[in-house]
Amino acid sequence: MSYTQTDMFLTEQQTIEAKIKIFCAANDIPLAALDWKPIPYSGEWGISTSFFATAAAEARAGKKIVVPQRAQEIAEQAAGPVSDVPGISRVEAVKGYLNLYFATSEYTRRVVDTVLEQKTGFGAGPRTGSRVMLEFSHPNTHKAFHVGHLRGTILGDAICRILEFAGNDVVRANYPGDMGLHVIKWLWGYLKFHNGEQPAADITKWMGEVYAEATRRLEENPDLEAEVRAVYARWDQRDPEVAALWERTREWSLEGFRQMYAALDVRFDVYYFNSQEEKPGKEIVEELVRRGIATDERPQGGAVIVKIDEALGLAKELFRTAVILRSDGTALYATEDLALVKHKFADYPDLEKSLYLVDVRQSLHFTQVFKILEIAGYEQAQKCGHISYELVTLPGNVVMSSREGTVVLLEDLLREATSRAKEEAHKKNQALTEEQLEVVAKAVGLGALKYPILARENTRLVTFDWQTALDFNGQAAPYIQYAHVRCNSILKRSQVSTFERLNVAFDYDLAPAEIQLIDMISRFPSEVQRAAADYKPLIIASSAYDIAKAFASFYDACPVVQASPEVREARLRLVTATKIVLANALQLLGIEAPEVM
RNA sequence: GCCCCUGUAGCUCAAUGGAUAGAGCACCUGCCUUCUAAGCAGUAGGCUGUGAGUUCGAAUCUCACCAGGGGCGCCA
């Protein structure tokens with residue numbers, strides 16, 4: 001099933017396909033499957049299919065033909081029987097392709113009407129009833145939240161929005177790391193240097209500073225490690241003072257995260273915590289050892305491991321060996337992840353997929369976790385998948401690290417982006433009130449931040465630099481938002497509501513810019529499906545930009561308010577449709593569509 | 001040694017195995033008395049890392065190289 005803008009012309013496409021089949025059967029041509037695509041050249045719309053596959057099959061069957069020539073021949077012959085399909089204005093056979101052009105006025109009317117009828121639902125797929133969980137963001141408590149974490153958070157949010165819109169039931173899961181060596185270090189640093197202090201405004205930033213100081217002090221004086229180990233020991237015995245401190249400070253971080261997610265307009269349906277998976281994880285490890293799947297090397301001073309390649313009888317090292325419990329019996333992330341997989345399916349037994357959006361460095365880890373459970377006979381493991389994305393680094397290929405202090409903090413970036421946006425907005429439009437400026441600054445600043453992340457292939461490394469991050473020109477969110485604002489502007493100025501009426505004819509000669517714009521709009525629903533199938537917000541980011549670009553050309557070339565009454569009414573409807581699609585696309589990216597800017 | 005990702009215009013990046021490989025930035029030329037110029041139109045810029053293969057057709061699939069990055073038993 002290929003999704004093209006022909007979704008709106010499905011009946012025509014099916015009619016044509018049927019006629020081609022009849023023609024081929026009558027002429028003894030073994031027709032290969034037909035693949036329909038938009039005609040790639042602008043100026044007119046239509047769908048197109050080719051006969052290369054059919055011709056190639058004939059050649060393989062022994063017919064002495066030149067494939068491209070034969071494809072063209074079939075296309076020419078097939079053109080006849082399909083020339084009288086209603087809604088199709090013109091048929092042509094060229095270079096082995098059969099191109100079918102839509103009747104302009106009918107096509108335009110149908111596209112625009114569909115958008116105006118479906119409004120915020122335009123582009124949405126039918127509900128599939130399929131429930132999918134996506135785990136993303138997973139920040140560490142007691143640490144800073146920096147631009148490196150932003151990618152996973154923004155990407156995860158957009159993927160959820162797209163999956164939902166495409167027709168799935170989505171469960172948004174978060175999995176903060178609330179216990180581990182980093183937390184113990186933090187607790188030690190707090191007790192020693194900041195005991196009794198409370199976080200101020202930027203909670204997460206402050207938590208990060210305490211952590212960075214603790215690591216720095218430890219590096220300066222390694223003797224202090226003994227004190228850290230002592231804190232760990234107290235934690236292991238659930239020392240009331242340490243446990244209480246952990247709970248209180250953990251809550252500070254979580255409150256900081258809530259504020260940050262609110263600022264980013266990201267939400268979650270369910271939270272899991274690694275501290276809760278520790279015990280069940282150890283139980284799974286015990287079970288695996290009992291069943292002989294895991295090897296307990298602790299008597300020999302080793303850890304508990306699973307030799308996955310060996311268990312699968314593989315000669316090549318592919319899944320390698322996984323360590324699932326430390327030699328001292330404490331839990332690793334792997335221990336807890338084993339339990340988490342099951343925990344999720346226990347909570348949501350009908351999950352069709354359980355996805356983990358985690359950076360690429362953890363690919364092997366996740367394939368190991370899922371594989372181990374599969375070997376253990378846990379069938380749900382096959383529904384698990386890791387979606388990986390590349391890191392955000394600093395210029396010079398420097399990886400952001402809270403430990404090294406090489407980070408760009410999210411708080412700083414958000415502040416900088418919104419203040420820059422506010423400045424810019426004021427410069428561009430002095431008519432804006434202070435209140436409007438605030439709204440615009442938030443929408444534009446945040447959008448400018450999110451878009452570059454979403455408009456890039458997940459597997460591609462992003463190098464962060466302030467100049468690019470705060471560049472509001474060109475292919476960026478503000479360009480798309482601006483197109484939305486201009487739509488709104490025209491509609492406000494027109495002050496009429498008659499364009500809401502359906503069945504207005506587009507009977508005048510459409511300008512090339514109009515044709516291009518309608519073409520882009522019509523493709524949006526299929527782009528949503530593609531984006532959902534591949535977990536790629538990039539497809540929506542591109543689509544939104546393409547629509548905005550087509551509108552910008554239209555805006556320049558086609559007067560609306562001052563056009564003659566029939567043209568004006570039709571164009572007002574087109575502008576309304578454009579505004580709706582732009583808003584829908586931006587919504588999928590988690591970017592606001594302002595009314596003014 | 002094994003596995004994964006990346007290599008496309010000067011730079012940053014797009015491109016369902018299809019017809020003519022496209023944008024943005026930067027550079028140059030025009031366009032605000034006209035729906036907001038965060039804009040539009042145009043010029044210029046390419047042996048898609050290299051070499052083979054598969055295919056009617058390859059930036060896209062396969063293999064081998066080259067270059068960069070990442071991962072490989074007790075970090076997360």
Side-chain angles (χ1 to χ4, degrees), chain A residues 2-4 35 37 39-41 48 50-53 55-57 59-60 65-71 94-97 99 138 140 177 180-182 274 297 302-307 316-328 330 332-334 358-365 367-368 388 390-391 393 397 399 421 424-425 427-429 431 444 452 455-457 459-463 468 471-476 478-479 481-483 485-487 489-494 513 526 530 534 538 541-542 545-546 549 552-553 555-563 571 575 596-597:
Chain A
S2 68
Y3 295 91
T4 67
D35 193 14
K37 292 174 187 185
I39 299 170
Y41 309 108
S48 137
S50 72
F51 294 93
F52 294 110
R60 273 193 295 275
I65 52 168
V66 180
V67 172
Q69 249 173 44
R70 175 63 180 152
V94 51
K95 292 183 180 174
Y97 290 84
N99 293 334
H138 29 247
N140 283 322
L181 199 56
H182 74 278
N274 74 319
E297 295 185 335
V304 180
I305 61 169
V306 180
K307 295 176 182 171
K316 225 176 187 180
E317 24 178 349
L318 203 58
F319 298 103
R320 301 178 174 268
T321 299
V323 177
I324 57 173
L325 196 70
R326 285 200 188 92
S327 49
D328 64 2
T330 55
L332 291 158
Y333 251 70
V358 190
D359 80 65
V360 65
R361 293 175 301 183
Q362 261 128 90
S363 297
L364 180 62
H365 165 76
T367 47
Q368 287 181 329
S388 72
E390 260 294 355
L391 302 179
T393 60
N397 202 21
V399 176
E424 203 72 12
K427 224 187 297 173
K428 307 277 186 192
N429 188 350
V444 171
R456 190 151 311 189
E457 195 70 53
T459 52
R460 201 156 210 129
L461 205 71
V462 171
T463 304
T468 316
D471 187 357
F472 297 156
N473 294 314
Q475 184 171 0
Y479 179 91
Q481 292 169 317
Y482 187 58
V485 165
R486 282 170 137 187
C487 288
S489 212
I490 292 174
L491 297 177
K492 264 193 313 198
R493 191 155 301 243
S494 73
S526 57
R530 277 182 58 211
D534 296 342
L538 159 69
S542 299
Y545 175 72
D546 288 342
K549 190 170 167 54
S553 299
Y555 183 91
D556 198 62
C558 306
V560 178
V561 177
Q562 295 180 3
R571 283 185 176 162
V575 171
V596 289
M597 64 187 271

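Below, all heavy atoms of this structure are taken into account, side chains as well, without hydrogens, waters or symmetry copies. Sequence lines set the chain letters: A, B, ... in the order given, protein chains first and strands last, and positions in each chain run from 1.
Look at CZ on F472(A): it is 19 Å from P on A37(B), rounded to the nearest Å. The distance between atom CG of D546(A) and atom C1' of C13(B), rounded to the nearest whole Å, is 14 Å. L318(A) has its CG atom 8 Å from the P atom of C3(B), to the nearest Å. If you measure from atom CZ of F319(A) to atom C1' of C2(B), you get 13 Å, rounded to the nearest angstrom.
Nucleic acid contact for V596(A): base, since at least one base atom lies under 4.0 Å from a heavy atom of the residue. Residue C487(A) is classed as having no contact, given no heavy-atom separation below 4.0 Å to the nucleic acid. When heavy atoms are screened at a 4.0 angstrom cut-off, T393(A) is found touching no nucleic acid atom at all. Within 4.0 Å (heavy atoms only), G180(A) reaches no atom of the nucleic acid at all. Residue contacts for A425(A): at a heavy-atom cut-off of 4.0 Å it reaches a base atom on one of the strands shown. No engagement by V304(A) is indicated, since no non-hydrogen atom pair under 4.0 Å with the nucleic acid exists. Using a 4.0 Å heavy-atom distance criterion, N274(A) is classed as making no nucleic acid contact.
Not counting sequence neighbours, N473(A) has no partner by the side chain to side chain donor-acceptor pair (under 3.5 Å) test. In this view, S48(A) and N99(A) satisfy the side chain to side chain donor-acceptor pair (under 3.5 Å) rule, not counting sequence neighbours. Under the side chain to side chain donor-acceptor pair (under 3.5 Å) criterion, R460(A) pairs with no residue at all, not counting sequence neighbours. In this structure, the side chain to side chain donor-acceptor pair (under 3.5 Å) partners of T330(A), at least two apart in sequence or on a different chain, are R326(A), D328(A).
Taking all atoms of both residues into account, the shortest heavy-atom contact from A334(A) to I324(A) is CB-CA, 4.4 Å. Closest approach of H182(A) and N140(A) over heavy atoms only: NE2-CB, 3.6 Å. What you find for R571(A) and A563(A) is that their closest heavy atoms are NH1-CB, 4.4 Å. The two residues F472(A) and P478(A) come nearest to each other via the heavy atoms O-CB, 3.6 Å.
For C5(B), the glycosidic angle deviates from 0 by more than 90°, giving an anti base. Syn is the classification of G73(B), since its glycosidic angle stays within 90° of 0.
Residue Y555(A) places no side-chain N or O under 4.0 Å from the OP1 or OP2 atom of A41(B). Between K549(A) and G39(B), a side-chain N or O to OP1/OP2 separation shorter than 4.0 Å is absent. At A41(B), one or more side-chain N or O atoms of S553(A) fall inside 4.0 Å of OP1 or OP2 (strictly under the cut-off). For C2(B), neither phosphate oxygen OP1 nor OP2 lies less than 4.0 angstrom from any side-chain nitrogen or oxygen of K316(A). Contact annotation: S363(A) side-chain N/O to C4(B) OP1/OP2 distance is not under 4.0 Å. Contact between the side-chain N/O atoms of R486(A) and the OP1/OP2 oxygens of A38(B) is not found at any separation under 4.0 Å. Within the structure, every side-chain polar atom (N or O) of R456(A) is placed at least 4.0 Å from both OP1 and OP2 of G24(B). Neither OP1 nor OP2 of C56(B) sits under 4.0 Å from any side-chain N or O of K95(A).
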*For the pair Y555(A) and I490(A), evaluate side-chain contact (heavy atoms from CB on, under 4.5 Å) and give the outcome as yes or no after the intermediate values.*
CA-CA 10 Å; Y555(A) 183 91; I490(A) 292 174; 3.9 Å; yes
*Trace of the side-chain contact (heavy atoms from CB on, under 4.5 Å) decision for V462(A) with E390(A)*: CA-CA 7 Å; V462(A) 171; E390(A) 260 294 355; over 6 Å; no
*L461(A) and T393(A): side-chain contact (heavy atoms from CB on, under 4.5 Å), yes or no, with the steps?*
CA-CA 7 Å; L461(A) 205 71; T393(A) 60; 4.3 Å; yes
*How far apart are the C-alpha atoms of V360(A) and T459(A), what are their side-chain angles, what is the distance that settles it, and do they pass the side-chain contact (heavy atoms from CB on, under 4.5 Å) test?*
CA-CA 8 Å; V360(A) 65; T459(A) 52; over 6 Å; no
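Taking every side-chain heavy atom of R60(A) into account, C56(B) is the closest of C56(B), U16(B), G39(B). With distances taken from any side-chain atom of A56(A) to the nucleotides C56(B), G24(B), A76(B), the minimum falls on C56(B). Comparing atom distances between the L538(A) side chain and each of A14(B), A23(B), C56(B) picks out A14(B) as nearest. Taking every side-chain heavy atom of P68(A) into account, C56(B) is the closest of C40(B), C56(B), A38(B). With C35(B), G73(B), A76(B) as the candidates, the nucleotide lying closest to the side chain of V323(A) is G73(B). With distances taken from any side-chain atom of Y479(A) to the nucleotides U34(B), C40(B), C35(B), the minimum falls on C40(B). Distance from the side chain of T459(A) is smallest to C5(B) among G39(B), C5(B), C74(B). Picking from C56(B), G24(B), U6(B) the nucleotide with the shortest atom distance to the side chain of Q475(A) gives G24(B).
Taking only distance into account, the side chain of S327(A) meets the base of C74(B) through a donor-acceptor pair shorter than 3.5 Å.
Along RNA chain B, the nucleotide nearest K307(A) and the nucleotide nearest A455(A) are compared for position; the residue whose nucleotide lies closer to the 5' end is A455(A). Taking for each of I490(A) and K428(A) the nucleotide of RNA chain B with the nearest heavy atom, the 5'-most of the two is the partner of I490(A).
Paired runs in RNA chain B that reach 3 or more consecutive Watson-Crick or G-U pairs, where each pair keeps both distances under 3.5 Å, cover B:1-7 with B:66-72, B:10-13 with B:22-25, B:28-31 with B:39-42, B:49-53 with B:61-65.
Taking atom P on both nucleotides, C35(B) is separated from U48(B) by 46 Å, rounded to a whole Å. Separation of the P atoms belonging to G57(B) and C5(B) is 27 Å when rounded to the nearest angstrom. Using C1' as the reference atom, C28(B) and U16(B) are 37 Å apart when rounded to the nearest Å. A76(B) and C63(B): their P atoms are spaced 35 Å apart (whole Å). Only the P atoms considered, U55(B) is 16 Å distant from U60(B), to the nearest whole Å. Distance check on atom P: A14(B) versus A9(B) gives 13 Å, rounded to whole Å. Nucleotides C2(B) and G46(B), compared at atom C1', are 36 Å apart to the nearest Å. Between C13(B) and G17(B), the two P atoms lie 22 Å apart (nearest whole Å).
Taking CD of E317(A) as the reference point, atom NZ of K307(A) lies at 13.5 Å (rounded to 0.5 Å).
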Sub-3.5 Å pairs of nitrogen or oxygen atoms, protein against nucleotides 69-72 of chain B:
from	atom 1	to	atom 2	distance (Å)
C72(B)	O2'	R320(A)	NE	3.1
C72(B)	O2'	R320(A)	NH1	3.2
C72(B)	O2	R320(A)	NH1	3.2
C72(B)	O2	R320(A)	NH2	3.1

